[in-house]
Amino acid sequence: MVETQAQSVTLHTGDIPIEAYVAKPIGAGTWPGIVVFQEVFGVNEHIRSVTDRIAQLGYVAIAPALYQRQAPGFEVGYSPADLELGRTYKNQTTAADLLSDTRATLVYLQQQEPVQSSFGTIGFCFGGHVAYLAATLPEIQATASFYGAGITMMTPGGGAPTLSLTPQISGVLYAFFGTEDPLIPPTDVAQIQAELQAHQIRHQVFMYPADHGFFCDQRASYQPEAAAQSWLQVQQLFKQYL
């Protein structure tokens, strides 16, 4: 692992300021950029930790605050009340704003001297859905989507399900799910895989004997073995395609 440094920065989508947490390697060199999409709980300690871990692998990692329009500075833990509040703000987001914020994040990365012109994303929970959505942007070459609920049924803000945008994906997509996830039944996973195959999207779908949120070591549903195995796949994805 490489030595890193981190800071909070402010991006702009038009005249809207978007806070973001950035971690990057220290020293000379250039690295690919990775956008980290939060859970419903905001850019909290866990998401900052994931961002740091990615930077330690040799990437410039950035986690934009997806609730900036609804609740600037939002960051909570994992209690039932936190979940309810996070879902309230999630329900106020729109696909158009999420894509706009992602584009602004990519522009920020492109303006940073140590960043190569190769970009990936990783997202968890709500962020897993956002990662699938953002995979439709032509700049995104590698996507790691963890247990993104609702992909087959809806899109943020309303409209056709995000799954219907699958033909627009040009990069590689890895999707990670738990077989015990009550939010994402096996039929949804099968539908996602079938759509990726139908449109010849380069992809892999990974299933683990785990619940929703299995990657997060701060949640009761944390499953260490599934987290470790999926992390190896994420490293392989970014190393091979970025």
Side-chain angles (χ1 to χ4, degrees), residues 8-22 33-44 46-48 50-51 54 60-76 82-112 115 119-171 173 175 183-184 192:
S8 295
V9 300
T10 302
L11 321 172
H12 286 86
T13 300
D15 58 354
I16 299 174
I18 304 294
E19 299 300 316
Y21 178 80
V22 181
I34 305 292
V35 183
V36 182
F37 294 119
Q38 66 186 57
E39 303 165 298
V40 295
F41 309 100
V43 182
N44 61 8
H46 171 61
I47 294 301
R48 291 192 295 271
V50 172
T51 306
I54 292 172
V60 177
I62 181 169
L66 300 182
Y67 294 166
Q68 192 72 15
R69 293 171 176 80
Q70 297 82 13
F74 180 76
E75 173 186 344
V76 292
D82 292 333
L83 175 59
E84 182 178 356
L85 183 58
R87 284 177 171 171
T88 297
Y89 293 133
K90 179 199 76 170
N91 292 336
Q92 297 173 22
T93 64
T94 70
D97 286 342
L98 293 165
L99 288 172
S100 177
D101 293 351
T102 303
R103 291 189 187 97
T105 305
L106 294 173
V107 168
Y108 172 86
L109 288 173
Q110 290 166 341
Q111 293 172 343
Q112 306 307 302
V115 180
F119 303 103
T121 72
I122 184 171
F124 306 88
C125 181
F126 171 54
H129 189 141
V130 178
Y132 199 102
L133 177 68
T136 63
L137 298 175
E139 298 93 338
I140 303 301
Q141 298 160 259
T143 297
S145 172
F146 277 77
Y147 34 83
I151 291 171
T152 66
M153 297 176 291
M154 54 80 73
T155 197
T162 296
L163 188 66
S164 67
L165 302 177
T166 299
Q168 299 179 30
I169 298 174
S170 58
L173 188 143
L183 301 179
I184 309 173
I192 290 169

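Just so we're clear, the structure is a prediction, and the values are computed from it rather than from any experiment. Just so you know, these numbers use all the heavy atoms, side chains as well, and skip hydrogens, waters and symmetry mates. Residues take their numbers from the sequence shown, with the count starting at 1.
Proximity of T51 to V43: side-chain heavy atoms (C-beta onward) are nowhere separated by under 4.5 Å. Considering only heavy atoms from C-beta on, L66 stays 4.5 Å or farther from T93 through its side chain. Contact of the T88 side chain with the Q92 side chain is registered, since non-hydrogen atoms from C-beta on lie closer than 4.5 Å. Side-chain contact between Y108 and H12 is absent, with no heavy-atom pair separated by less than 4.5 Å.
Take R69 and apply the salt bridge (charged side-chain N to carboxylate O under 4.0 Å, His left out) test, not counting sequence neighbours, and it matches D97, D101. Legend: residues meeting side chain to side chain donor-acceptor pair (under 3.5 Å) with T152, ordered by chain and number and at least two apart, are D188. By the ring-ring contact (aromatic ring centres under 6.0 Å, His included) test, F37 pairs with no residue at all, sequence neighbours left out. Taking the side chain to side chain contact (heavy atoms under 4.5 Å, CB included) definition, one finds that A149 meets it with L183, I184, sequence neighbours left out. Annotation: side chain to side chain donor-acceptor pair (under 3.5 Å) contacts of T105 (sequence neighbours excluded): none. With sequence neighbours excluded, the residues that form a salt bridge (charged side-chain N to carboxylate O under 4.0 Å, His left out) with E75 are R48. Looking at residues two or more places apart in sequence or on another chain, you find a side chain to side chain contact (heavy atoms under 4.5 Å, CB included) between D82 and F41, V76, S79. In this view, A71 and F74, Y89 satisfy the side chain to side chain contact (heavy atoms under 4.5 Å, CB included) rule, not counting sequence neighbours.
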Below 3.5 Å, can you tabulate the donor-acceptor pairs from side chains in residues 130-143 to any protein atom, sequence neighbours excluded?
unit_1: Y132; atom_1: OH; unit_2: T166; atom_2: OG1; d: 2.8
unit_1: T136; atom_1: OG1; unit_2: L133; atom_2: O; d: 2.6
unit_1: Q141; atom_1: OE1; unit_2: F119; atom_2: N; d: 3.1

What donor-acceptor contacts under 3.5 angstrom involve side-chain atoms of residues 14-21, with partners at least two apart or in another chain?
unit_1: E19; atom_1: OE1; unit_2: T10; atom_2: OG1; d: 3.2
unit_1: E19; atom_1: OE2; unit_2: T10; atom_2: OG1; d: 3.0
unit_1: Y21; atom_1: OH; unit_2: D52; atom_2: OD1; d: 2.8
unit_1: Y21; atom_1: OH; unit_2: D52; atom_2: OD2; d: 3.2

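Remark: H129 NE2 to L98 CG distance equals 8.5 Å, nearest 0.5 Å. The distance from the CG atom of L165 to the CD1 atom of I151 is 11.0 Å, given to the nearest 0.5 Å. In this structure, CG in L163 is found 10.5 Å from CE in M153, a value given to the nearest 0.5 Å. The distance from atom SG of C125 to atom CG of L83, rounded to the nearest 0.5 Å, is 7.5 Å.
The two residues Q68 and P72 make their nearest non-hydrogen contact at O-CG, 3.3 Å. The two residues T13 and S100 come nearest to each other via the heavy atoms CG2-OG, 2.5 Å.
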